[in-house]
Amino acid sequence: SDNLASFHAEMDSCQSCHTKPLKVSDSETHENAQCKSCHGDYAELANDKLHFDPHTSHLGDINCTSCHSGHDKPQLTCNNCHNFEMEMPFAETKAKKKWDGAWDQDKIQKAIDKGPVETVDVIVVGAGSAGFNAAISAKMAGAKVVLFEKAAYTGGNSMLAAGGINAVGTPQQKKKGIEDKVEWYFEDAMKGGRYKNDPKLVQILAEESAGAVKWLESLGANMNDLKRSGGARVERTHRPSGGASVGPHIIDTLRKAAVERDIDVRVNSRIEKIVLNDDKSVAGVVVHGRHSGYNMVAADSVVLATGGYGMNKEMIAYYRPTMKDMTSSNNVTATGDGILLAKEIGASMTDIDWVQAHPTIGKDSRILISETVRGVGAIMVNTDGERFIDELTTRDRASDAILKQKDQYAWLVFDEQLVAKKKMVRGYDHLGMLSKGNTIEELAKITGMSKLPKTASDYNKYQAAGKDDAFGRDDMPLNLTKPPFYAVKVAPGIHHTMGGVAVDTDANVLNLQSWKMSGLFAAGEVTGGLHGFNRLGGNAIADTVVFGRIAGENAAKHALEK
Ligand code: FAD
Ligand code: MEZ
């Protein structure tokens with residue numbers, strides 16, 4: 001036997017993995033249940049001999065077949081971003097032709113000609129935070145919903161979110177005595193976006209943000225930790241207690257909420273066409289299933305929640321040529337499909353060429369070093385060890401400043417106090433990204449930053465006095481006094497695509513005349529307009545929850561009233 005499937009078939013039969021008659025469901029639900037029934041669940045499979053347990057990661061409870069593909073060469077999904085060396089059974093198996101290659105227009109047309117094989121009220125495209133929030137809201141409004149996800153696992157970029165979700169007027173802020181106002185949230189987002197944002201969308205985001213956190217909590221999330229993000233005047237970025245990353249936690253919460261509400265989530269199912277009726281209202285979609293081929297599914301409402309295009313090299317090269325060679329913090333799923341699908345049927349685009357560089361992606365990697373690290377207290381220095389900007393400025397300014405330094409990279413420097421506060425930093429250590437010294441002088445020697453000791457000593461004085469004489473940083477929660485001391489190399493990389501499908505405040509997609517496209521809704525990073533020229537940290541997850549819910553509710557209403 002030369003692959004996992006034939007090995008199992010030899011032991012038993014094809015039916016040991018597949019249902020009888022042989023019919024592979026798109027989500028491989030049956031097949032994965034079969035894996036676990038023989039091998040045990042992920043916790044049981046954890047192997048202490050391994051450097052890390054691949055079964056407990058921020059990917060959550062993904063399908064076994066995401067890595068151990070039966071008929072195909074096995075591959076670690078994690079290695080889309082990391083470089084783990086791990087032996088996989090049947091590593092010598094040949095890779096088959098990728099199922100998710102170019103969209104086949106003939107097959108799409110045949111599926112449309114054949115007519116729908118299934119009818120629902122609302123189709124949601126993309127199972128990140130916006131998609132899950134839309135699907136759950138539509139289902140709660142009484143609609144029959146199906147949520148299609150092209151990847152073998154749900155979560156998209158949302159699953160990678162690190163820092164948190166912004167909200168104003170929450171009990172968490174009140175408990176900490178933080179004064180905040182909807183007007184301040186609005187003004188910070190507009191200022192951060194260089195006043196290019198659509199103010200109507202920003203107003204809704206600000207007004208509904210506390211409701212978004214409350215809604216996530218009602219679904220089981222913990223949002224009890226608070227910190228400040230760049231460009232925000234107060235602490236309004238909410239995250240799980242203990243400083244764990246926000247994305248995996250939210251996505252896990254939403255996955256469970258979808259299961260509890262019996263929502264039909266299908267992975268390995270890529271939408272390749274939005275089909276319109278003669279009157280241009282939505283008729284449904286064509287889905288390309290990994291195993292079931294091309295089929296049309298009918299619905300009166302479609303919600304696009306396909307995320308951004310931060311991993312689509314061609315689109316970056318076309319819309320933002322100056323960033324084409326940059327690394328990206330994004331999941332491989334961020335390929336801009338929704339923009340192509342919507343454009344093809346006449347949707348209008350807003351700010352489509354505005355792409356955000358995040359200043360602190362681990363140098364020569366795709367791993368984001370969260371803004372939280374600066375928010376909680378780290379300083380940022382150049383290769384000589386000198387500070388060069390207020391660490392809490394907006395991302396566009398911080399990225400530009402780094403690119404003006406020698407060698408176009410910087411270091412974040414912090415001490416044990418920060419590590420004790422932020423669980424995620426242990427993850428960077430685990431990935432071998434941190435340099436460590438028992439004294440600041442030792443760290444300076446290891447990293448070659450000769451001026452670091454003086455910089456640290458000056459910063460400690462500013463911190464004690466509560467006034468940053470060098471760069472006017474107005475929030476300095478920690479000094480640099482508790483060994484060991486740490487440094488991580490960072491450089492700017494593609495992080496967020498601000499532009500996308502044009503929408504109104506009800507999440508209706510707009511056409512080139514700015515009219516609503518009947519039955520077509522969109523939410524999350526696939527849309528444009530909300531963040532203007534530069535998104536503030538914590539506002540994207542807020543966007544996905546606030547506008548995901550609006551899109552889901554309005555999609556259900558549209559379909560049920562038709
Ligand atoms: P996604 O979460 O990307 O989901 C889109 C889904 O659609 C994907 O699963 C994709 O596979 C699927 N899809 C795409 N095309 C198709 C198709 N044709 N058919 C079917 N499915 C399709 N923002 C914050 O506010 N706070 C943070 O702390 C934060 N940290 C971040 C950290 C990282 C490393 C990254 C990359 C981003 C971070 N962001 C953060 C930004 C934020 O995570 C994203 O903007 C947001 O999660 C996008 O959510 P979404 O639901 O719109 O898209
Ligand atoms: O909003 C974001 O993208 C964010 C907070 C990222 C991060 O650095 O953690």
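All ligand and atom numbering here is 1-based and tracks the order in the structure. Any value given below was found using the heavy atoms of this structure, including those in side chains, with hydrogens, waters and symmetry copies removed. Numbers here are sequence positions counted from 1.
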**Student:** Given that the side chain starts at C-beta and the backbone is N, CA, C, O, which of these parts of Thr306 lies under 4.0 Å from ligand 1, counting heavy atoms, or is it both or neither?
**Tutor:** both

**Student:** Backbone or side chain, does any N or O of Asn157 fall under 3.5 Å from an N or O of ligand 1?
**Tutor:** yes

**Student:** Short N/O distance, under 3.5 Å, between Asp337 and ligand 1?
**Tutor:** yes

**Student:** Ignoring hydrogens, just give me the one of Gly524, Gly163, Ala127, Ala161 whose non-hydrogen atom is nearest atom 28 (O) of ligand 1.
**Tutor:** Gly163

**Student:** So how far is it from Trp411 CH2 to Lys363 NZ, rounded to the nearest 0.5 Å?
**Tutor:** 10.0 Å

**Student:** Just to be sure I read this right, does ligand 1 sit under 4.0 Å from the backbone of Arg239, its side chain, both, or neither, counting only heavy atoms?
**Tutor:** neither

**Student:** For Thr360, is there any backbone N or O sitting under 3.5 Å from a side-chain donor or acceptor partner on His358?
**Tutor:** yes

**Student:** Can you find an N/O atom of Glu149 closer than 3.5 Å to an N/O atom of ligand 1?
**Tutor:** yes

**Student:** Going by atom types only, do Ser370 and Lys422 share a side-chain donor-acceptor pair under 3.5 Å?
**Tutor:** no

**Student:** For atom 53 (O) of ligand 1, find the nearest protein heavy atom and state the residue, atom name and distance (0.1 Å precision).
**Tutor:** Gly307 CA, 3.3 Å

**Student:** Could a heavy atom of Ala334 be found less than 4.0 Å from some atom of ligand 1?
**Tutor:** no

**Student:** Is the shortest distance from a heavy atom of Ser328 to ligand 1 less than 4.0 Å?
**Tutor:** no

**Student:** Compute the minimum heavy-atom distance from Ile165 to ligand 1 and say whether it is under 4.0 Å.
**Tutor:** no

**Student:** Would you indicate whether the side-chain heavy atoms of Leu412 and Tyr428 approach each other to under 4.5 Å?
**Tutor:** no

**Student:** Could you tell me which atoms of ligand 1, counted from 1 in the order shown, lie closer than 4.0 angstrom to a heavy atom of Gly128?
**Tutor:** 2 (O), 4 (O), 6 (C), 51 (O)

**Student:** Please list, in number order, the atoms of ligand 1 under 4.0 Å from a heavy atom of Asn539.
**Tutor:** 25 (O)

**Student:** Going by distance only, is there an N or O of Leu368 that falls short of 3.5 Å from an N or O of ligand 1?
**Tutor:** no

**Student:** Check the angle between the aromatic planes of Tyr319 and Tyr309 and answer parallel, tilted or perpendicular using the 30° and 60° thresholds.
**Tutor:** tilted

**Student:** Report yes or no: does a heavy atom of Met159 sit under 4.0 Å from some atom of ligand 1?
**Tutor:** no

**Student:** For the 3.5 Å polar cut-off, considering only N or O atoms, please tell me whether Asn331 and ligand 1 meet it.
**Tutor:** no

**Student:** Is it true that a side-chain atom of Asp225 and a backbone atom of Lys227 form a donor plus acceptor pair closer than 3.5 Å?
**Tutor:** no

**Student:** Is Gly155 near ligand 1, meaning one of its heavy atoms is under 4.0 Å from it?
**Tutor:** yes

**Student:** Could you check if a side-chain atom of Arg236 sits within less than 4.5 angstrom of a side-chain atom of Ser209, using non-hydrogen atoms only?
**Tutor:** no

**Student:** Just need the protein heavy atom nearest to atom 51 (O) of ligand 1, so name the residue and atom and give the distance.
**Tutor:** Ala130 N, 2.9 Å

**Student:** Any side-chain heavy atom of Ile136 within less than 4.5 Å of one from Trp215?
**Tutor:** yes

**Student:** Output the list of atoms in ligand 1 that are nearer than 4.0 Å to some heavy atom of Arg270, sorted by atom number.
**Tutor:** 17 (C), 18 (N), 19 (N)

**Student:** Which residue and atom name correspond to the protein heavy atom nearest atom 39 (N) of ligand 1, and how close is it?
**Tutor:** Arg535 NH2, 3.7 Å

**Student:** Considering heavy atoms of the protein only, find what lies nearest to atom 35 (C) of ligand 1 and give residue, atom and distance to 0.1 Å.
**Tutor:** His495 CE1, 3.3 Å

**Student:** Determine, stepwise, if the pair Asp351 / Lys196 fulfils salt bridge (charged side-chain N to carboxylate O under 4.0 Å, His left out).
**Tutor:** CA-CA 9 Å; Asp351 313 333; Lys196 305 281 186 203; over 6 Å; no

**Student:** Does an N or O anywhere in Ile271 fall below 3.5 Å from an N or O of ligand 1?
**Tutor:** yes

**Student:** Thr65 versus Tyr153: any side-chain heavy-atom pair under 4.5 Å?
**Tutor:** no

**Student:** I need the contact type for Leu160 against ligand 1. Using non-hydrogen atoms and a strict under-4.0 Å cut-off, is it side chain, backbone, both or neither?
**Tutor:** both

**Student:** Heavy-atom distances under 4.0 Å decide this one: backbone, side chain, both or neither, for Ser370 against ligand 1?
**Tutor:** neither

**Student:** Tell me, which residues have any heavy atom less than 4.0 Å from some atom of ligand 2?
**Tutor:** Ala162, Gly163, His358, Leu368, Ser370, Glu371, Arg395, His495, Arg535, Gly537, Gly538

**Student:** Any carboxylate oxygen within less than 4.0 angstrom of a Lys/Arg side-chain nitrogen, looking at Glu149 and Arg255?
**Tutor:** no

**Student:** Which of the atoms of ligand 1 are close to Ser158, meaning less than 4.0 Å from one of its heavy atoms?
**Tutor:** 1 (P), 2 (O), 43 (O), 46 (C), 47 (O), 48 (C), 49 (O), 50 (P), 51 (O)

**Student:** Below 4.0 angstrom, N of the basic side chain to O of the carboxylate: do Glu272 and Lys107 qualify?
**Tutor:** no

**Student:** Cut-off 3.5 Å, side chains only: do Ser129 and Thr544 have a donor facing an acceptor?
**Tutor:** yes

**Student:** Measure the distance from atom 20 (C) of ligand 1 to every protein heavy atom, then report the residue, atom name and distance (to 0.1 Å) of the closest one.
**Tutor:** Lys150 N, 3.3 Å

**Student:** Suppose I only count heavy atoms of Gly538 and a 4.0 Å limit; which atoms of ligand 1 are within that range?
**Tutor:** 24 (C), 25 (O), 26 (N)

**Student:** Side-chain contact test, heavy atoms from C-beta onward, threshold under 4.5 Å: evaluate it for Thr253 versus Leu216 and give yes or no.
**Tutor:** no

**Student:** Compute the minimum heavy-atom distance from Gly247 to ligand 1 and say whether it is under 4.0 Å.
**Tutor:** no

**Student:** Just to confirm my output: which protein heavy-atom neighbour is closest to atom 26 (N) of ligand 1, and how far is it?
**Tutor:** Gly164 O, 2.8 Å

**Student:** As an exercise, state the distance from OG of Ser27 to CG of Asn63, rounded to the nearest 0.5 Å.
**Tutor:** 7.5 Å

**Student:** Quick check: does any side chain N or O of Ser137 sit under 3.5 Å from a backbone N or O of Gly552, one acting as donor and the other as acceptor?
**Tutor:** no

**Student:** Nearest 0.5 angstrom please: Glu371 CD to Leu392 CG, how far?
**Tutor:** 8.0 Å

**Student:** Regarding Ser229 and Thr237, do their side chains bring together a donor and an acceptor under 3.5 Å, going by distance alone?
**Tutor:** yes

**Student:** Write out the residue and atom name of the closest protein heavy atom to atom 25 (O) of ligand 1, then the distance separating them to 0.1 Å.
**Tutor:** Ile541 N, 2.7 Å

**Student:** What atoms in ligand 1 come closer than 4.0 Å to a heavy atom of Asn330?
**Tutor:** 36 (C)

**Student:** I'd like to check Leu434 versus Val425 (side-chain heavy atoms, cut-off strictly below 4.5 Å). Are they in contact?
**Tutor:** yes

**Student:** For Glu272, state whether at least one heavy atom is located under 4.0 Å from any atom of ligand 1.
**Tutor:** no

**Student:** What is the distance from atom CG of Asp396 to atom CZ of Arg535, rounded to the nearest 0.5 Å?
**Tutor:** 12.0 Å

**Student:** Rounded to the nearest 0.5 Å, what separates atom CD in Glu525 from atom CG in Asn330?
**Tutor:** 6.0 Å

**Student:** Please identify which atoms of ligand 1 are closer than 4.0 Å to at least one heavy atom of Ser329.
**Tutor:** 34 (C), 36 (C)

**Student:** Restricting to ring pair (Phe, Tyr, Trp, His ring centres under 6.0 Å), what partner residues turn up for Trp99, sequence neighbours left out?
**Tutor:** His288

**Student:** So if I count the atoms of ligand 1 from 1 in the order they appear, which ones are less than 4.0 Å from some heavy atom of Ala162?
**Tutor:** 27 (C), 28 (O), 29 (C), 30 (N), 31 (C), 32 (C)

**Student:** If we only count N/O pairs under 3.5 Å, is Val125 in contact with ligand 1?
**Tutor:** no

**Student:** Tell me if a side-chain donor or acceptor on Ser328 pairs with a main-chain N or O of Gly310 at a distance below 3.5 Å.
**Tutor:** yes

**Student:** Identify, for atom 45 (O) of ligand 1, the protein heavy atom at the shortest distance, and state residue, atom and that distance.
**Tutor:** Glu525 OE1, 2.7 Å

